[in-house]
Amino acid sequence: MPELPEVEVVRRTLEPHLVGASVERVEVRAPALREPLDADAFERHAAGRRVAAVRRRAKYLLVDLETADAPATTLVLHLGMSGRITVRAAGDGEPLPHEHLVVHLAGGRRLSFRDPRRFGQAFVLPTADLDTDSHFAHLGIEPLADEGESALDGAHLRRAAVGRRGPVKPFLMDSTVVVGVGNIYASEALWEAGVHPKRTVRRIAAARWERLAEKVREVLARAIAEGGTTLNDFTDGEGNAGYFQVSLAVYGREGEACPRCGEAVRRVVQAGRSTFYCVGCQR
DNA sequence: CGTAGACCCTGCGCGC
DNA sequence: TGCGCGCAGGGTCTAC
């Protein structure tokens, strides 16, 4: 469900509910995720703290926690394929299906983390250790970062492709190159840029890298503006659906007419994931 | 070192 | 109506 835009939409909707709130306790309801939840760590590093900020790095949601007498910590949440994070009102007490973690806030509201497929993650660590933590140490640049040294541009993609082979679509999804580009938006950005998903990264010229970088940023920004893509069950932190799926040009549209040239959209599997593209206008 | 494939899970929609 | 199959937004590990 969630690529970068969906996580950013969740972040933005959670932020006003969480910043300034106090964490009374963290309840581990079902510890079995791929990395089992550590109730002791939550108790030691999250309980009794105040939310200072809600940030995002790649597809990770970062809830910064502070207290007067200890260094800052960060609650890290990843939605995997099927995770959902919502704020529940005080008194709304029914346990939800697949609810793994409940963060109880002062006043009775709760932050609820659900994940049927259990590919998600939840852990807490000192904020100072974030950059060196194994989940973050090898991450590439943020595609929507401001202009500057680490902005996503054609030169960044071209440099990252040096010495590599293989098709451009999995390359775009490689989080050591650029983060946040998942299976939906990789197909969409390639279609927007007119680049064939199977094209080898060694045969892409500077101008096309530039166009591709631009389209990646554009597609992600548009998806955020439209509240994220909802295929089955994505909702923001307040439980609202997103609308970007109506804007998808090729993803999930095998056999339908390409909006640009009318050719039938095709589906292939690359690196185990479905890719949708148009032979008429992607070269 | 870089890349391809298997794998971790549950739920849903489709065709029979 | 009910059932089995294929497929799903992510990431990591192993084998080449």
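Listed nucleotides dG11(C), dG9(C), dG11(B) differ in distance to Pro116(A); the shortest reach to its side chain belongs to dG11(B). Taking every side-chain heavy atom of Glu3(A) into account, dG9(C) is the closest of dC8(B), dG11(B), dG9(C).
The CZ-P distance, from Arg114(A) to dT10(B), rounds to 17 Å in whole Å. The separation between Gln121(A) atom CD and dC9(B) atom P is 14 Å, rounded to whole Å. For the pair Glu99(A) CD and dT10(B) C1', the computed distance is 17 Å after rounding to whole Å. Look at CD on Glu254(A): it is 15 Å from P on dG6(C), rounded to the nearest Å. Rounding to whole angstrom units, CD1 of residue Ile184(A) and C1' of dA8(C) are separated by 10 Å. Computed from coordinates, the Arg273(A) CZ to dC7(B) C1' distance equals 13 Å when rounded to whole Å. Residue Glu8(A) contributes atom CD, which lies 21 Å from atom P of dG9(C) at whole-angstrom precision.
Side-chain atoms of Arg118(A) stay outside donor-acceptor range of the base of dC9(B), with no qualifying N/O pair under 3.5 Å.
Map Arg117(A) and Tyr60(A) each onto its nearest nucleotide of DNA chain C; the residue landing nearer the 5' end is Arg117(A).
Here, dC12(B) and dG11(C) have their C1' atoms 22 Å apart, quoted to the whole Å.
In this structure a side-chain-to-backbone donor-acceptor pair under 3.5 Å is missing from Ser187(A) to Ile184(A).
Taking the six-membered ring wherever Trp is involved, the centroid distance between the rings of His78(A) and Phe119(A) does not fall below 6.0 Å.
With sequence neighbours left out, the side chain to side chain donor-acceptor pair (under 3.5 Å) criterion links Arg273(A) to no other residue. Scanning for salt bridge (charged side-chain N to carboxylate O under 4.0 Å, His left out) contacts around Asp174(A) gives Arg164(A), with sequence neighbours left out. Under the side-chain contact (heavy atoms from CB on, under 4.5 Å) criterion, Arg267(A) pairs with Glu254(A), Val269(A), Ser274(A), Phe276(A), sequence neighbours left out.
Sparse packing is recorded around CZ of Arg266(A), with 12 or fewer heavy atoms of other residues, nucleotides or ligands lying under 6.0 Å away.
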When you compare the protein's N or O atoms with those of nucleotides 2-5 of chain B, which come within less than 3.5 Å of each other, and at what distance?
{"residue": "dT3(B)", "atom": "OP1", "partner": "Arg165(A)", "partner atom": "N", "Å": "2.9"}
{"residue": "dT3(B)", "atom": "OP1", "partner": "Arg165(A)", "partner atom": "O", "Å": "2.5"}
{"residue": "dT3(B)", "atom": "OP2", "partner": "Arg164(A)", "partner atom": "NE", "Å": "3.1"}
{"residue": "dT3(B)", "atom": "OP2", "partner": "Arg164(A)", "partner atom": "NH2", "Å": "2.7"}

Which dot-bracket notation, 5' to 3', represents the base pairing of DNA chain B when pairs are defined as Watson-Crick or G-U with both distances under 3.5 Å, crossing pairs as [ ], and inter-strand pairs as |? .|||||||.|||||||
Side-chain polar contacts of residues 190-200 of chain A - donor-acceptor pairs under 3.5 angstrom, sequence neighbours left out - could you list them?
{"residue": "His196(A)", "atom": "ND1", "partner": "Lys198(A)", "partner atom": "N", "Å": "3.0"}
{"residue": "Arg199(A)", "atom": "NE", "partner": "Arg283(A)", "partner atom": "O", "Å": "3.3"}
{"residue": "Arg199(A)", "atom": "NH1", "partner": "Arg203(A)", "partner atom": "O", "Å": "2.8"}

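Counting non-hydrogen atoms under 4.0 angstrom, Ser175(A) reaches nothing in the nucleic acid.
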Take Arg114(A) and His100(A) through the side chain to side chain contact (heavy atoms under 4.5 Å, CB included) test and state the conclusion after the steps. CA-CA 6 Å; Arg114(A) 280 172 285 165; His100(A) 288 91; 5.8 Å; no
